[in-house]
Number of protein chains: 2
Amino acid sequence: MRILLVEDEIKMASFIERGLKEEDYVVDVANDGEKALFLAEVNPYDLIILDIMLPVKDGITVCRELRSKKINVFVLMLTSKDRVRDKVLGLNSGADDYLAKPFAFEELLARISALLRRNKTDKTGILKIADLEMDQLKHKVTRAGKEIQLTSKEFALLEYLMLNATHVITRTTISEHVWHEDFDSFTNVIDVYMNFLRNKIDKGHKKQLIHTIHGKGYVLRE
Amino acid sequence: MRILLVEDEIKMASFIERGLKEEDYVVDVANDGEKALFLAEVNPYDLIILDIMLPVKDGITVCRELRSKKINVFVLMLTSKDRVRDKVLGLNSGADDYLAKPFAFEELLARISALLRRNKTDKTGILKIADLEMDQLKHKVTRAGKEIQLTSKEFALLEYLMLNATHVITRTTISEHVWHEDFDSFTNVIDVYMNFLRNKIDKGHKKQLIHTIHGKGYVLRE
DNA sequence: AACTATTTTAAGGTTAATTTAAGCAATGAG
DNA sequence: CTCATTGCTTAAATTAACCTTAAAATAGTT
């Protein structure tokens with residue numbers, strides 16, 4: 001899952017960024033409202049964490065502009081505890097949820113995962129294809145009951161494949177959903193990671209789940 | 001569908017080119033305005049993706065000259081985000097749509113497919129002849145309900161046949177709509193591909209859909 | 001600073017798609 | 001009916017896409 005974090009205080013930003021990366025999210029950081037809007041238009045984020053107090057352009061305005069541009073990404077707003085009226089303003093500007101600072105990091109994680117699953121029919125956050133299972137909340141992956149250790153990138157890639165199971169996804173799409181902002185299209189990292197995943201997931205199993213569609217990309221299916 | 005991409009930055013150009021080819025579009029690339037005009041006069045593109053900032057001749061001028069020469073191909077303009085007035089200039093010069101760079105690739109794809117379907121009565125993008133069906137958006141082809149795997153060229157060729165169903169189309173026309181820029185007219189690739197298609201589509205079915213019109217070309221009809 | 005794990009780059013080998021080429025079959029004008 | 005032309009089919013050659021591996025670079029830890 002790709003998240004844009006919009007926060008100007010350096011310390012707070014890197015604290016949150018680090019915490020999110022530990023949870024295997026792919027994170028970009030913007031430190032002002034303009035940059036945030038720019039990034040949000042360019043990249044298909046799954047969620048934006050948006051501080052209200054920002055230089056150049058405040059969070060409320062950023063959120064309004066996102067909505068008026070029909071960018072329908074989830075927005076989680078952050079603001080200081082004492083400014084209660086900001087909550088109302090925030091939600092009215094189109095935010096999906098709201099969290100007062102300071103907060104327990106656990107609380108932030110809980111809200112993020114609630115948001116990311118809001119429109120899903122299945123809220124358990126457990127993805128399944130054949131005997132391959134991924135628990136999105138616990139970040140655990142098993143094949144035939146046996147746990148598989150994945151790095152962040154591997155996890156993010158497999159998650160994207162599983163969310164789009166049975167659909168062919170192109171390298172271009174993968175690069176935009178699983179890699180960060182400045183991705184170089186001449187590289188073959190995606191191929192290399194597909195190989196990593198195959199070794200960890202398909203190797204030694206009769207049914208291959210990762211399939212190559214020549215000239216197009218990859219599919220995850222039985 | 002055949003697209004001319006006009007973009008001078010090599011990296012950007014090859015990123016877009018690859019993404020389009022993954023979606024089965026036939027793509028030619030021009031890296032300056034003169035080359036673009038030349039190619040557009042010679043080849044019947046379905047769409048031109050035109051960057052504004054170009055060496056030799058800028059995108060606005062290229063677009064104006066296309067229009068004054070009555071080349072009525074769809075034009076989608078690209079320009080940098082910060083130059084808002086270019087949008088007005090672009091649309092005034094005869095462009096059909098406009099997209100600010102950088103952009104999310106999916107946004108570009110969405111606009112392309114909207115443009116290509118703009119003047120169609122049926123916007124579903126599903127083509128049918130007898131029990132042969134093609135979903136232009138999902139890139140899926142079925143005959144009698146059974147899915148048929150096609151390569152990019154096969155797909156592009158069948159798409160063109162289906163779009164012109166019941167009309168006899170010549171090899172020359174096919175080469176102009178389905179093959180790239182430097183097509184050698186002495187080759188028999190088209191015959192070979194027709195054979196590939198017949199094997200995948202007609203073989204084992206009572207009704208043949210692909211018919212040869214001796215001395216003229218081919219038709220797709222019941 | 002040194003070590004470890006992860007991510008990225010790069011290169012050579014493999015496979016699939018596309019094009020070329022050649023021989024055979026069908027067509028139709030004379 | 002004949003034969004030149006056009007089309008079909010197959011296999012080989014070429015090109016492009018993909019896979020695999022190892023080494024290099026980066027990031028994170030101790």
Side-chain angles (χ1 to χ4, degrees), chain A residues 14-15 17-27 29 139 148-158 168-172 174-175 178-203 208 210-219, chain B residues 11 14-15 17-24 26-27 29 139 148-158 168-172 174-175 178-203 208 210-219:
Chain A
S14 62
F15 167 71
E17 182 185 8
R18 177 182 201 159
L20 293 177
K21 283 184 172 167
E22 281 171 0
E23 298 294 320
D24 288 344
Y25 292 111
V26 179
V27 185
V29 181
H139 297 270
I148 296 168
Q149 296 297 335
L150 299 178
T151 69
S152 301
K153 270 268 130 62
E154 289 165 354
F155 183 89
L157 177 56
L158 181 61
V168 177
I169 54 179
T170 65
R171 286 183 179 71
T172 305
I174 292 174
S175 77
V178 180
W179 264 262
H180 47 73
E181 216 198 314
D182 41 5
F183 182 84
D184 174 7
S185 57
F186 287 106
T187 179
N188 69 336
V189 229
I190 295 177
D191 303 53
V192 172
Y193 265 86
M194 228 29 112
N195 189 233
F196 289 166
L197 275 187
R198 279 178 161 145
N199 284 335
K200 292 191 176 180
I201 283 164
D202 275 344
K203 205 170 202 174
Q208 303 289 294
I210 301 175
H211 306 271
T212 305
I213 309 299
H214 193 105
K216 309 228 161 46
Y218 300 93
V219 209
Chain B
K11 278 213 168 177
S14 65
F15 169 71
E17 184 186 5
R18 172 173 210 169
L20 293 177
K21 284 184 172 168
E22 286 172 339
E23 301 292 326
D24 287 345
V26 179
V27 185
V29 180
H139 298 269
I148 296 169
Q149 297 297 336
L150 299 177
T151 70
S152 297
K153 270 269 129 59
E154 289 165 353
F155 183 89
L157 176 56
L158 181 61
V168 178
I169 53 179
T170 66
R171 286 185 180 71
T172 308
I174 292 174
S175 76
V178 180
W179 263 264
H180 46 73
E181 213 199 314
D182 39 7
F183 182 83
D184 172 10
S185 55
F186 291 105
T187 176
N188 69 335
V189 228
I190 295 176
D191 303 54
V192 173
Y193 265 86
M194 231 25 116
N195 188 232
F196 289 165
L197 274 187
R198 279 178 161 143
N199 284 336
K200 291 191 176 180
I201 282 163
D202 275 344
K203 205 171 202 172
Q208 302 291 293
I210 301 174
H211 305 274
T212 305
I213 308 301
H214 194 97
K216 305 245 160 28
Y218 299 92
V219 211

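Throughout, protein chains are lettered first and strands after them, A, B, ... in sequence-line order, and every chain is numbered starting at 1.
Take the nearest nucleotide of DNA chain C for A/H214 and for B/N188: the residue whose nucleotide is more 5' is A/H214. Between B/K203 and A/K21, the residue anchored nearer the 5' end of DNA chain D, judged by the nucleotide with its closest heavy atom, is B/K203.
An OP1 or OP2 oxygen of C/dT19 is reached within less than 4.0 angstrom by a side-chain nitrogen or oxygen of B/H180. When the side-chain nitrogen and oxygen atoms of B/N195 are compared with OP1 and OP2 of D/dC8, none of them lie within a distance under 4.0 Å. For D/dA27, neither phosphate oxygen OP1 nor OP2 lies less than 4.0 angstrom from any side-chain nitrogen or oxygen of A/R18. Not one side-chain nitrogen or oxygen of B/T212 sits closer than 4.0 Å to the OP1 or OP2 atom of D/dG7. For the pair B/T187 and C/dA21, the criterion of a side-chain N or O lying under 4.0 Å from OP1 or OP2 is not met. Side-chain N/O atoms of B/W179 include none lying less than 4.0 angstrom from OP1 or OP2 on C/dT18. Of the side-chain N and O atoms in B/R171, none sit less than 4.0 angstrom from OP1 or OP2 of D/dT6.
Closest to the B/R198 side chain, of the nucleotides C/dT19, C/dT6, D/dC8, is D/dC8. Among the nucleotides C/dT18, C/dT19, D/dT21, the one closest to the side chain of A/V192 is D/dT21. When distances run from any side-chain atom of A/D191 to the nucleotides C/dT19, C/dT6, D/dC18, the shortest one goes to D/dC18.
C/dT8 atom C1' lies 16 Å from atom CZ of A/F186, rounded to whole Å. A straight line from CD of B/Q149 to P of C/dA16 spans 14 Å, rounded to a whole angstrom. Distance A/M194 CE to D/dC18 C1': 12 Å, rounded to the nearest Å. Atom pair B/L157:CG and C/dT19:P shows a separation of 11 Å (rounding to whole Å applied). Atom CD1 of B/I190 is separated from atom P of D/dT6 by 15 Å (rounded to the nearest Å). Separating the OH atom of B/Y193 from the C1' atom of D/dT10 is a distance of 15 Å, rounded to the nearest angstrom. Counting to the nearest Å, the C1' atom of C/dT7 and the CG atom of A/D24 are 14 Å from each other. Atom-to-atom, NE2 of A/H211 to P of D/dC19 comes out at 12 Å; the value is rounded to the nearest Å.
At a threshold of 4.0 angstrom between heavy atoms, the contacts of A/Y218 are confined to the sugar-phosphate backbone, with no base atom among them.
With hydrogens and angles disregarded, a donor-acceptor distance shorter than 3.5 Å links the side chain of B/K200 to the backbone of B/Q149. At distances below 3.5 Å, not a single donor-acceptor pair connects side-chain atoms of B/H180 with backbone N or O atoms of B/V26.
Across all non-hydrogen atoms, the minimal contact from B/I174 to B/L157 is CG2-CD1, 3.6 Å. The heavy-atom pair separating A/K153 from A/V178 by the smallest distance is CE-O, 3.4 Å.
Residues B/T172 and B/F183 form no side-chain contact, since every pair of their non-hydrogen atoms from C-beta on lies 4.5 Å or further apart.
Rounding to the nearest 0.5 angstrom, the gap separating the OG1 atom in A/T170 from the CG atom in B/L20 is 10.5 Å.
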